[in-house]
2 protein chains.
Amino acid sequence: MSTKITLPEAAEKPLDERVRRSRYAVLGATAELLVERGLGGASVDEIVRRSGVAKTTIYRHWSTREDLLRDACRTLSTPLDTPDSGSLEGDLMVLMVRLARLLKSARWPSVLPSIVDAGERDANVAAMQAQHQAGYSEPLAAVIRRAMTRGELPKDTDAAVLVAMLTGALFYRRWFSREPVTDAFAKQVVRRALRSN
Amino acid sequence: MSTKITLPEAAEKPLDERVRRSRYAVLGATAELLVERGLGGASVDEIVRRSGVAKTTIYRHWSTREDLLRDACRTLSTPLDTPDSGSLEGDLMVLMVRLARLLKSARWPSVLPSIVDAGERDANVAAMQAQHQAGYSEPLAAVIRRAMTRGELPKDTDAAVLVAMLTGALFYRRWFSREPVTDAFAKQVVRRALRSN
DNA sequence: ACGATACGATACGGTACCGTACCGTAGCTA
DNA sequence: TAGCTACGGTACGGTACCGTATCGTATCGT
């Protein structure tokens, strides 16, 4: 009857040390493999080799390979918080430069194409990925909305269009044209997006 | 000594009818599979099943699976020509709407994520893909350059930035945010990109 | 009509992969 | 310290895949 946490059973158990170790090693190795070789390269046998954990044990913790990959993916994303520099241009500069750097260095971007590809033919993956993507576009949308209430942007501005142009420009360079994504480029995009608004 | 065509041996031979049929069937089935299931789904065995051509025969014409996939990919792209409506906005509207429709209907976009993913870990694929991508961005760049000589855009405009924002906005919606890519959206992007220039 | 050549069918070797069964052993917690 | 529980190793069944070998047959061009 304790009304502590009626949500899921978050951290209920003390948790056997061996379990903790195994899970940690497996998730770590899986994340590495995802980054290096994408979804297709993260085979269970390879995870066994790299983590040093027996296949039997892996299947004691995750009932299927996909379960494991899902869990491992969650460890890869880098959250993006919402700045408040006082001006729209300032906020966008910060966010876009941060995004540009994430695209060059972070682990998630190197897995993303696999996910997008899988999503092309699997609605569950697509939904999960779109939701994850929203985590990155939301800060941009937030500073844009704030600028609208401030009067920095016209009230009828379509935030989604602006977000697509900003984020899209970076993504386009990273994966499609394969040109470098520099800080300077990110800043140019912001300046052009804000011309006379 | 006939100076007809000194280039490669384009269409030199009469070509056995059986060969023509086999190649045609195999390339067709492969293209279908690429569109439906991506690179990974186009296995040789499946191509055999769908084309009705024996595996032996396939390997008589292509020495490896990758050779075959390369050939099949070439049949999938839809060329984009350069319009001349008289104004930059008109040209961009035409191009962007055309691109938006291609993204919804054409065959190539459904294979592209596979290619991008492969390119992430294979420089050859990456180069091929970037070159292919240039085929789509070049018309945009062309009308932009023309507008600069006309004085519709300042001389110091960076065409690459503009191209990335325009194309990127569409691609972003198609693959990352997974929101619809409508004609109206494409037009909004163009209008916003040209604000006060 | 005939000879060269392309074809189909089948079988195979080798690899990689997923997931399970079994069994003996190590390590944690109480 | 005693017993529960997680672990490692191996072996396995089943599938999918690539590419080759072999051999008899059909079809094309001349």
Side-chain angles (χ1 to χ4, degrees), chain A residues 9 11-30 32-34 36-73 111 114 117-118 121-122 124-125, chain B residues 9 11-30 32-34 36-73 111 114 117-118 121-122 124-125:
Chain A
E9 69 282 68
E12 284 291 340
K13 311 159 191 174
L15 199 51
D16 190 324
E17 189 60 16
R18 292 169 292 179
V19 172
R20 215 207 91 263
R21 268 205 302 270
S22 297
R23 290 225 178 106
Y24 182 83
V26 170
L27 282 176
T30 306
E32 270 182 27
L33 280 169
L34 281 174
E36 289 175 20
R37 312 191 192 171
L39 278 182
S43 74
V44 177
D45 291 290
E46 189 61 35
I47 292 167
V48 167
R49 277 188 284 275
R50 188 169 297 207
S51 68
V53 174
K55 197 194 280 196
T56 327
T57 302
I58 295 181
Y59 279 102
R60 281 189 193 103
H61 294 295
W62 293 273
S63 64
T64 186
R65 172 175 171 261
E66 294 194 349
D67 279 4
L68 169 55
L69 294 190
R70 243 191 305 278
D71 270 18
C73 278
V111 200
S114 303
D117 181 37
R121 277 161 284 274
D122 179 331
N124 284 337
V125 175
Chain B
E9 69 281 70
E12 284 292 341
K13 311 159 191 175
L15 199 50
D16 191 323
E17 190 60 17
R18 294 167 291 180
V19 172
R20 215 206 92 261
R21 268 205 303 270
S22 297
R23 291 224 177 107
Y24 182 83
V26 170
L27 282 176
T30 306
E32 270 182 27
L33 279 169
L34 281 174
E36 289 174 22
R37 311 190 192 172
L39 277 181
S43 73
V44 178
D45 291 288
E46 189 60 36
I47 293 168
V48 167
R49 277 187 285 274
R50 187 168 296 207
S51 68
V53 173
K55 198 194 280 197
T56 325
T57 303
I58 294 181
Y59 279 102
R60 281 192 193 101
H61 293 295
W62 292 273
S63 64
T64 185
R65 172 175 171 263
E66 295 194 348
D67 279 3
L68 169 54
L69 293 189
R70 243 190 305 278
D71 270 19
C73 277
V111 200
S114 303
D117 181 37
R121 278 161 283 274
D122 179 333
N124 284 338
V125 175

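Chain letters run A, B, ... following the sequence lines, proteins first, then strands; residues in each count from 1.
Put simply, CG on A/Asp45 is 14 Å from C1' on D/dA16, counting in whole angstrom units. Look at CZ on B/Arg65: it is 19 Å from P on C/dT15, rounded to the nearest Å. Rounded to a whole Å, the OH atom of B/Tyr59 is 16 Å from the P atom of C/dC7. For the pair A/Arg21 CZ and D/dT5 C1', the computed distance is 14 Å after rounding to whole Å. The distance between atom CG of B/Leu15 and atom C1' of C/dA6, rounded to the nearest whole Å, is 12 Å. Rounded to an integer number of Å, the gap from B/Glu66 CD to D/dC17 P is 16 Å. The distance between atom CH2 of A/Trp62 and atom C1' of D/dA6, rounded to the nearest whole Å, is 14 Å. In this structure, B/Glu17 places its CD atom 7 Å from P of D/dC28, rounding to the nearest Å.
Tested against B/Asp45 for a salt bridge (Lys or Arg N to Asp or Glu O under 4.0 Å), the candidates B/Arg50, B/Arg65, B/Lys55 yield a single pass: B/Lys55.
B/Thr57 contributes atom OG1, which lies 10.5 Å from atom CZ of B/Arg18 (distance to the nearest 0.5 angstrom). Atom CG in A/Leu68 sits 4.5 Å away from atom CD1 in A/Ile47 (nearest 0.5 Å). Rounding to the nearest 0.5 angstrom, the gap separating the OG atom in B/Ser51 from the CD atom in B/Glu32 is 10.0 Å.
Between A/Asn124 and A/Arg70 the shortest side-chain heavy-atom distance does not fall below 4.5 Å.
Applying the 3.5 Å distance criterion, the base of D/dG8 shares no donor-acceptor pair with the side chain of A/Lys55. Looking at A/Thr64, its side chain has no donor and acceptor atom pair within 3.5 Å of the base of C/dG19. For B/Arg18 and D/dG29, a side-chain-to-base donor-acceptor distance below 3.5 Å is absent, hydrogens and geometry of angles not being considered.
Heavy-atom minimum distance, B/Thr64 versus B/Tyr59: CA-CE2, 4.2 Å.
For C/dA6, the OP1/OP2 oxygens have no side-chain nitrogen or oxygen of B/Arg60 closer than 4.0 Å. Within the 4.0 Å cut-off from OP1 or OP2 of D/dC7, at least one side-chain nitrogen or oxygen of A/Ser22 is found. Taking only side-chain nitrogens and oxygens, B/Thr57 comes nearer than 4.0 Å to OP1 or OP2 of C/dG8. Distances shown here put a side-chain N or O of B/His61 below 4.0 Å from the OP1 or OP2 atom of C/dC7. Of the side-chain N and O atoms in A/Arg20, none sit less than 4.0 angstrom from OP1 or OP2 of D/dA6. Between A/Ser43 and C/dC17 there is a side-chain polar atom (N or O) within less than 4.0 angstrom of OP1 or OP2.
Mapping A/Arg49 and B/Val19 onto DNA chain C via the closest heavy atom, the residue that lands nearer the 5' end is B/Val19.
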Dot-bracket for DNA chain D, 5' to 3', Watson-Crick and G-U pairs with both distances under 3.5 Å, [ ] for crossing pairs, | for partner on another strand, reads ||||||||||||||||||||||||||||||
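Using a 4.0 Å heavy-atom criterion, one finds that B/Gly41 contacts no nucleic acid atom at all. In this structure, A/Gly52 reaches the sugar-phosphate backbone alone: every heavy-atom distance under 4.0 Å involves primed, P, OP1 or OP2 atoms, never a base.
In the displayed structure, B/Glu66 atom CD is contacted under 6.0 Å by at most 12 heavy atoms of other residues, nucleotides or ligands.
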* Verify side chain to side chain contact (heavy atoms under 4.5 Å, CB included) between B/Val53 and B/Val48, making sure each step is shown before the conclusion. => CA-CA 5 Å; B/Val53 173; B/Val48 167; over 6 Å; no
